[in-house]
Amino acid sequence: MSELDLRTAAASAAPARRARPSAGEILAIGFVLFLLIATVAPNALSSIDPNAIAAREAFQGPSLQHWFGTDESGRDIYSRVVAGTSTSLLIGVSATAIGLALGLVLGVLAGFGGRVLDFTVNRTIEVLFAFPGLLLALLVIVIAGPGPVTATLAVGLSTAPGYARIIRGQLVGIRSSAYVESARVLGHGPWRILTRHILPNALAPLLVLATLGIGQAVVWAAALSYLGLGAQPPAAEWGAMLSAGRTYIGTAWWLTVFPGLMIVLTTIATTVLGRSLTRRSAGQR
């Protein structure tokens, strides 16, 4: 085989090597699968009732019988962590969906509503950016009251300005592209151009970015529950479990370590997958 053939073979093999998932991506995928199973079929991972009280088994450390130990009421921490997965993920995914939907509306208004509307939406987004996201979520909860539904809405509203700015930037860049100009020349109306040409190309990278947002939404929702503004005890939710276990952190470390570890691992896994999807989508362009 000639040197030119070797270079050609190496060049053709490079994309295949890059397409192989790394060890970190494989671990992230495995953990996300665990989260999905815990959400859809929690009984497949734990048959213990997460709310079953057994006072005689209170404050037992991790063991073969109770993998993550028990809490002050004798409830199994592992079963509560598994049961809390659905609540935490539901809040994270729902909040991200709310943020995306509101960001899409604001981004389209700014990108296609004319100069006055673009100016108004941009100034509104800048005002919202002046508040830290969690502080904005707290403001919403103060107005609407605590609870998991309110926490989901609050986190979604606090993430909407970021998505709106990204969508607006995507739309402004795409609407001046060659294929959009071609659609205008062919006589396509503004609505058809928006729905058939602009939005599909603008939303594809945004949906990848939303994968990163799920981890952030889970952290914010857990923080609100930790402060007593989200899910309320005895609900099996990671942030609420952290809040309940902080009183005993000096004597029963497992009450806070395992729920906190789930939050951290969920954030890491979604971040790894989000960045992987971003790199792969960029490499396909």
Side-chain angles (χ1 to χ4, degrees), residues 31 34-35 38-39 42 45-46 48-55 57-62 66-96 131-159 213-270:
F31 187 76
F34 171 82
L35 295 178
T39 301
L45 299 176
S46 176
I48 302 176
D49 183 356
N51 294 316
I53 296 176
E57 298 181 3
F59 295 116
Q60 289 189 8
H66 301 286
W67 292 355
F68 291 177
T70 61
D71 63 8
E72 69 279 7
S73 299
R75 295 172 296 191
D76 185 75
I77 297 296
Y78 172 73
S79 64
R80 290 180 62 77
V81 165
V82 171
T85 303
S86 58
T87 303
S88 299
L89 281 189
L90 179 62
I91 293 176
V93 173
S94 301
T96 303
F131 295 91
L134 190 56
L135 180 60
L136 184 60
L138 290 173
L139 180 61
V140 173
I141 289 179
V142 168
I143 296 174
V149 176
T150 307
T152 303
L153 180 61
V155 174
L157 291 175
S158 63
T159 58
I214 292 176
Q216 180 188 27
V218 169
V219 172
W220 286 7
L224 293 174
S225 296
Y226 180 83
L227 296 174
L229 302 175
Q232 303 296 313
E237 195 272 340
W238 297 339
M241 293 174 67
L242 281 175
S243 179
R246 61 182 174 178
T247 306
Y248 313 101
I249 193 170
T251 56
W253 54 268
W254 54 89
L255 298 184
T256 52
V257 166
F258 291 111
L261 189 61
M262 290 297 294
I263 297 172
V264 172
L265 291 178
T266 300
T267 306
I268 293 175
T270 54

Spatial distance of atom [atom1] ([X]) from atom [atom2] ([Y]) [nearest 0.5 Å]:
| X | Y | atom1 | atom2 | answer |
| --- | --- | --- | --- | --- |
| S88 | M262 | OG | CE | 8.5 Å |
| T85 | L90 | OG1 | CG | 12.0 Å |
| T39 | L89 | OG1 | CG | 4.5 Å |
| I77 | L255 | CD1 | CG | 5.0 Å |
| L229 | T150 | CG | OG1 | 10.0 Å |

Side chain proximity check, [X] to [Y], heavy atoms < 4.5 angstrom:
| X | Y | answer |
| --- | --- | --- |
| P148 | E237 | no |
| I263 | L242 | yes |
| F68 | V257 | no |
| W254 | D71 | no |
| I141 | L153 | no |
| S158 | W220 | yes |
| L138 | L227 | yes |

Look only at the side chain of [X] and the backbone of [Y], and say whether a donor-acceptor pair between them is shorter than 3.5 Å.
| X | Y | answer |
| --- | --- | --- |
| S243 | Y226 | yes |
| W238 | V81 | yes |
| S94 | I91 | no |

Suppose we screen for side chain to side chain contact (heavy atoms under 4.5 Å, CB included). Which residues come up paired with [X], at least two apart in sequence or across chains?
| X | answer |
| --- | --- |
| Q60 | E57, H66, T70 |
| P42 | V82 |
| I48 | S46, D76, S79 |

Under the criterion side-chain contact (heavy atoms from CB on, under 4.5 Å), I'd like the reasoning laid out for V93 against I214: C-alpha separation, chi angles, the key distance, then a yes or no.
CA-CA 6 Å; V93 173; I214 292 176; 4.2 Å; yes
What are the two closest heavy atoms between [X] and [Y], and how far apart are they?
| X | Y | value |
| --- | --- | --- |
| A137 | A154 | O-CB, 3.4 Å |
| G228 | P146 | O-CB, 4.2 Å |
| L224 | A151 | CD1-CB, 4.0 Å |
| I53 | S73 | CG2-O, 3.2 Å |
| P62 | W253 | CG-CH2, 3.9 Å |

Over-ring placement of R80 relative to F258, 6.0 Å and 45° cut-offs
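Ring-cation test returns no.
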